[in-house]
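Below is one structure, written out as structure tokens; comments come after it.
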Number of protein chains: 2
Amino acid sequence: MGIVVMKFGGTSVGSVERIRNVAARVIRERELGHHVVVVVSAMGKTTDHLVELAEEISSSPSKREMDMLLSTGEQVSMSLLAMALETQGYPAVSMTGWQAELQTEKVHRNARIVSLKGEKIKARLDDGNIVVAAGFQGITEDGEITTLGRGGSDTTAVAIAAAIGAERCDIYTDVDGVYTSDPRYVEGARKLQSIEYDEMLELANLGAGVLHPRAVEYAKNYKIPLTVRSSMSDEEGTVIEEVTSMESNLIVRGVAFESDVVRLTISYEKAFNGSLALIFTTLAKHNIDVDIIVQSIVDGTRPTVSFTIKKESLSEAIQVLEERKAELGFHVADFEVGLAKVSIVGSGMVSNPGVAAQMFDRLRQEDVPVKMVSTSEIKVSVVVPQDRMIAAANALHDEFQLSELEVEV
Amino acid sequence: MGIVVMKFGGTSVGSVERIRNVAARVIRERELGHHVVVVVSAMGKTTDHLVELAEEISSSPSKREMDMLLSTGEQVSMSLLAMALETQGYPAVSMTGWQAELQTEKVHRNARIVSLKGEKIKARLDDGNIVVAAGFQGITEDGEITTLGRGGSDTTAVAIAAAIGAERCDIYTDVDGVYTSDPRYVEGARKLQSIEYDEMLELANLGAGVLHPRAVEYAKNYKIPLTVRSSMSDEEGTVIEEVTSMESNLIVRGVAFESDVVRLTISYEKAFNGSLALIFTTLAKHNIDVDIIVQSIVDGTRPTVSFTIKKESLSEAIQVLEERKAELGFHVADFEVGLAKVSIVGSGMVSNPGVAAQMFDRLRQEDVPVKMVSTSEIKVSVVVPQDRMIAAANALHDEFQLSELEVEV
């Protein structure tokens, strides 16, 4: 009897009624002859409520105590789901992160998983139970409760699937799959039947928001087929797996975009070795995420480096740079707001050098100015004015014929 | 530096404001030079809210999952209190039942403590922390979360005090001490400076409700001085300890009473060995608490046994008895409602055989009919009509001069 891991997010378990729906779905999977492990997040607004309580008490609550507080959220939803399964006649046990022996680094609020042996969960499955495991939480080797940060429940589900040798891991969420682009803004955006891990990683990192990159990385490393599907409908989702033979003829698989990008440009009077590293270490120390970095040395006299950050980090970034101006050795720091990033993603791209050219050409035809360019083996990103973002995304979606149906093999 | 254990109930931590007050009180104790362990219950109505959620899901949720659910309550309040202490500059760590290694029986919802070594808590104290421990919860040797049932947080506090060799254990509650009787109903009821464990045990069992009997038993066994005091005021509370030299001249220390008592009377056609044991085992199996038991064999022909139970258990008791009437071998089961129990308690009583007589005589003078009598070495209880309960309590409080002030030594 194969094992399936099903993961449900906070919205899917947001009320008693929804928990009952989740139970029904789990039972259906069980009735198909699978052992089932369900991974749940905290109920809908629980986490927000707990954070509010903490903020009323302290302007800077310790991370250890925040983890202690927040980890109760999943403990509530998992016990309620286990009750809902039991009341339908299906033996079920809920397990906290520490009961499942999900060990993490000694870091609070954003810990990474160190190990998960899976024996505890397997023993419960072998006894005929449906296991309902807490997402998002673990324990350090010192017995401290930790949480995994954003996307932690997805990562937990994949880690459990890997540890117990599950056939697959199904991520139930509020969208019904991975799309070629955001259907709210891009005409003809279409749900993909399948996508490769690396493509999904680029899309996840580009803010497509369906799955957390850490979960995708984990699934890739352990070769766990992931499915993203809706918890509200029975539609088939998108499978994320090693090779998508069916669609390997397609070069570009999706168009992602992200607004509220700010470009910072730093100029020097003269070339200054080491400064580049120093700038980005300084920003990293302040947890300012830098995305695209472009350096150009125009005729060697006035070197500049440009990079993008999120709008909300701008004031802190400016402050950090100004404070250490002398040490960092730059002349002028300038910034440009009102920008956006548009990217095309596809693993076929690596063998098709003309893809970037085709992208730039189409953007030129559409009169979309390109401010910055960044490429990887399976992705090309451009920074464009924010008011042209949707037009650019639509144009590229059209250019690479992403609305055309997949070929069934 | 001596250790003090302070326990705060659900009302005392019922809001952010109250948690701040508790923090201030804990800090005051710390500033007096003590190491402090704080034991907390779940915030005010949290437990009720969680129980409601469970009841919406299932009419009979499993006890294991209920413990999983309810144990989140203390985890929330303890982490918030730790944050409140930290924000005032006092290092603090919260600890769940399993982190403190409070081991219980393998019973859910009403487990007894099996062992608590105290090393984990001590290590945290030695590091200079105020420890905030979850009341009410523990872990089995199999790693299952359990709860201790009613009065569990009091018991946790005393168990911790015993395990770490605390100087004393202060129970902060919504009353300011132990009274000679309930001041809402009995004129002249007066707060006691001190009381013996056994006396407190009788009062606790008699529904005086200030402290759970299990906590008092534990304190007695480990000789932990307990103080009951108000979390809302600075008044001195009542100390519960081995010998109260100061007041040993007093024979009766308190008058307790309890309404909604039902008397069941079972009659047999003829004497029937073993039936008595069978009746009470049967009731115990159904978790029906029997209080006073009186058996009388009038001229050997028609034996009867009378006992009291709480009103809310009546319908179930009747049903259980009727279903097994043949097996239990009785003739008639009859019941009388509208009764109450009034008791006098005092460790001096054991050497004063006239106390019961004095009690009955005063009740006779007051025209209070006595339906049943039960005695122990330090207690005499009578069952009386409920509409005479308050009158009886006041008369006995007056009879034994309980409103007179204690003599300072």
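Residue numbers begin at 1 in each chain, while the letters A, B, ... track the order of the sequences. The structure displayed is predicted, hence computed values, not measured ones.
Interface summary for chain A: among B:Ser94, B:Ala84, B:Ala82, the most heavy-atom pairs under 4.5 angstrom belong to B:Ser94. Considering only heavy-atom pairs separated by less than 4.5 Å from chain A, the leading option among B:Met66, B:Glu144, B:Met78 is B:Glu144. Highest contact tally toward chain B, considering only A:Val76, A:Val132, A:Leu81, A:Ile139, is held by A:Val76 [criterion: heavy-atom pairs under 4.5 Å].
Distance check, rounded to the nearest 0.5 Å: CH2 of B:Trp98 to OG1 of A:Thr96 gives 7.0 Å. Taking CD of A:Glu56 as the reference point, atom CZ of B:Arg20 lies at 7.0 Å (rounded to 0.5 Å). Distance check, rounded to the nearest 0.5 Å: CD of B:Glu74 to OG1 of A:Thr72 gives 11.0 Å.
Of the two parts of B:Val93, the backbone and the side chain both hold a non-hydrogen atom closer than 4.5 Å to a non-hydrogen atom of chain A. Only the side chain of A:Leu50 has a heavy atom closer than 4.5 Å to any heavy atom of chain B. Contact annotation for A:Gln88: neither backbone nor side-chain heavy atoms come within less than 4.5 Å of a heavy atom of chain B. Proximity to chain A (any heavy atom under 4.5 Å) is restricted, for B:Ile19, to the side chain, taken from C-beta onward. Heavy atoms of B:Ile145 lying under 4.5 Å from chain A belong to its backbone as well as its side chain. Contact annotation for A:Ala23: neither backbone nor side-chain heavy atoms come within less than 4.5 Å of a heavy atom of chain B. Neither the backbone nor the side chain of B:Glu17 comes within contact range of chain A; no heavy atom of the residue lies under 4.5 Å from a heavy atom of that chain.
Heavy-atom minimum distance, B:Gln75 versus A:Ser71: NE2-OG, 3.1 Å. Taking every heavy atom of both residues into account, B:Ser58 and A:Thr87 meet most closely at OG-OG1, 3.5 Å.
Legend: residues meeting side-chain contact (heavy atoms from CB on, under 4.5 Å) with A:Ala159, ordered by chain and number and at least two apart, are A:Ile113, A:Leu116, A:Tyr218.
With respect to B:Met83, the side chain to side chain contact (heavy atoms under 4.5 Å, CB included) criterion is satisfied by exactly one of A:Glu65, A:Met68, A:Arg64, A:Glu55: A:Glu65.
Within 6.0 Å of the CZ atom in B:Arg30, the count of heavy atoms belonging to other residues, nucleotides or ligands exceeds 12. Annotation: A:Tyr90, atom OH; neighbour count of heavy atoms from other residues, nucleotides and ligands within 6.0 Å is above 12.
There is a side-chain donor-acceptor pair under 3.5 Å between B:Ser62 and A:Glu86.
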